[in-house]
Amino acid sequence: MQRLKTREVKVGSLYIGGHHPVSIQTMTTTDTMDTPATVEQSIRCIEAGAQLVRITAPSKKEAENLLLIKNELVAKGYTTPLVADIHFTPNAAEIAARIVEKVRVNPGNYVDKKKFEQIEYTDLEYQEEIERIRERFTPLVLICKEHGTAMRIGTNHGSLSDRIMSRYGDTAMGMVESAMEFLRIARTLDYHQIVLSMKSSNPQVMIEAYRTLVKHMQHEFGECYPLHLGVTEAGDGEDGRIKSAIGIGTLLSEGIGDTIRVSLTEDPEFELPVCRDIIERCVHENMQEVDNSKPTIHAFNKTVFAGHAEAFNVPRVIADMSKMGKLDPMDLHLVGYSYNVVDDKWHLNDQAADYIFCDEVPPFSLPVSLGILTYYEQWLPYCANAHCYPLFDILQYIEGVYIKHDKLNFIMMDARPNAYTDEVRKRIFDVLQKDHQFVLCVSSTRPQAIEDIRNLCHALQENKINNPVCIITDSQANTLDKALIHYAVEAGALFLEGCLHGICLGYQFGIKSNAIDELHHEIKKLNSISFGILQATRKRISKTEYISCPSCGRTLFDLQETTAKIRAVTNHLKGVKIAIMGCIVNGPGEMADADFGYVGSGVGKITLYKNKDIVKRNIDSEIAVNELINLLKEHGVWVDASV
């Protein structure tokens, strides 16, 4: 894959775009007026690897205090560029642009109106609004030109202005046009020190918006400005990392992106190792640079499977338990199944694997919903067992001399471009065209695995082979945290494109045969990651989804503590999306994708939302979680955790 060529932008001593490596950044969570705390946290971020540090400046006083913060950092020997984060206040931006190396403005909030009003604009009225924006935005551009200050025009999916929403709706195109309006103004003033971003809490929307932005910049300007990648309000823990890796990693793997930030509801220095892991996985030395690259929005035909492949109309999870040897009933709790001796029944949770791959067929009665995969030789003695399915190598399968399952066979195929000769590849397609009782399990060990598997799926379609395709992804990363990035990038990108119908994750690093606790942890973790990838790509919902901002100096309560508290009482509400936002800036707009919202509205005060509508204002934070539960009950989405 070729690296998209972008303009070079100077941010202090850092260069973004052009031939320069992808840079990483984060944002402080301290009160900007607390100079010592902000300086201390900035230093922790810099020492953790941040090449840019962003600090909120919601009003003039915070913008002015950036000078004290910068001077303190310089006095301590730190010259890492600082970015002022601006939302509503042009005056604050104009102050900050004289102090720090970069300012970030959100076109949905900066000058434009955001009152969630549907207004019909004539073309003349629409143009008059753009002229009003030009008048108010121009002073900032001229200050940036004078002081050599860079700018990020940062569009967020949830904070599109009423004007943009009225004409373009809640769409990726609306996000793109929101930024392009400001970019056009800057270009007329011959100002080009600009980085752009298109953030959303939904990785699919985010990816579509960046691809569309690239296409429009190339068409209108014949060039591209550098791109800052991020999935906004990604949340925390495993879910936040999966969402971010899918969104950021998919684009980096396509050569799109010049600087990244992973927005986690955690201390900011914890974001930086995730940034590095994503870059390490997705940016390769052999990526070439090219002008006028035109990334394609990949789309695969939606196939509705029939017969015994019908189960794969919902993407399936295959848990690799082959390292366990002989299984006993208690082992299945690792992949979502528990056996109750009292009622002599198997019980499964919402993240119960659909199949397990094992070396030995279990010698006990299995849950009805669980299928067993094992290699052909191990399967043969159990071929009459309704739970058991054989796993063939593709060359083995096309020989046609083996006994096959009369309902469904699983076939492994290498997606690498030179894995088979042209003659063998043709023979494979000829056999598969005549067979409708198989699931293809594909893999590639190359860094370009996404491209390899995508190309194979296109070839299958071209040959009218429309059976389910599962991805097998084995990681040899030296930690499970790094492996998670590998899985999320590789499988997530392909699920978003619609070419996958199942997932099987394997981990090859550091497990000793006698380290049973470690092995149990690995199997349970991989099963959770599999379902997390399906959830993040909206292909299969198995749990509550949390859209939580990463916190900053505007946050009006302890966001990490509150998120943990809300998660503890709502994490059984499958499919419900709950937004937890630190302040009104990240409130109803940024939680555009949420069903319910919990938003800081003042010190110790919370406002609750249903979608974008306020339901209860200024509730004391001590009782706000209980009030959120009452709101969930009122709207019929609450169930007791024991149910």
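The structure places CD of Glu181 at 9.5 Å from OG1 of Thr155, a figure rounded to the nearest 0.5 Å. Rounded to the nearest 0.5 angstrom, Leu213 CG and Cys224 SG are separated by 7.5 Å. Taken to the nearest 0.5 Å, the CG atom of Leu252 stands 9.0 Å off from the CG atom of Asp258.
Inter-residue side-chain proximity for Ile24 and Arg276 is flagged as met; some heavy-atom pair is nearer than 4.5 Å. Side-chain atoms of Met217 and Leu183, non-hydrogen and from C-beta on, do get closer than 4.5 Å to each other. Put simply, the side chain of Glu129 does not reach to within 4.5 Å of the side chain of Ser161, judged on heavy atoms. Between Gln218 and Leu4 the shortest side-chain heavy-atom distance falls below 4.5 Å.
Side-chain N or O atoms of Tyr121 include none that pairs as donor or acceptor with a backbone N or O of Gln127 at under 3.5 Å. Checking side-chain atoms of Thr544 against main-chain N and O of Thr570 turns up a donor-acceptor pair under 3.5 Å.
Between His157 and Asp170, the side chains place a donor N or O and an acceptor N or O closer than 3.5 Å (distance only, hydrogens not considered). Side chains of Arg134 and Thr188: a donor on one and an acceptor on the other come within 3.5 Å. With hydrogens and angles left out, the side-chain atoms of Thr30 and Thr38 include a donor and acceptor closer than 3.5 Å. Side-chain contact, Ser178 with Tyr168: no donor N or O sits under 3.5 Å from an acceptor N or O.
Contacts classified as salt bridge (Lys or Arg N to Asp or Glu O under 4.0 Å) and involving residues 36-61 (residues at least two apart or in different chains) are given here: Glu40-Arg44, Arg44-Glu269, Arg54-Asp85.
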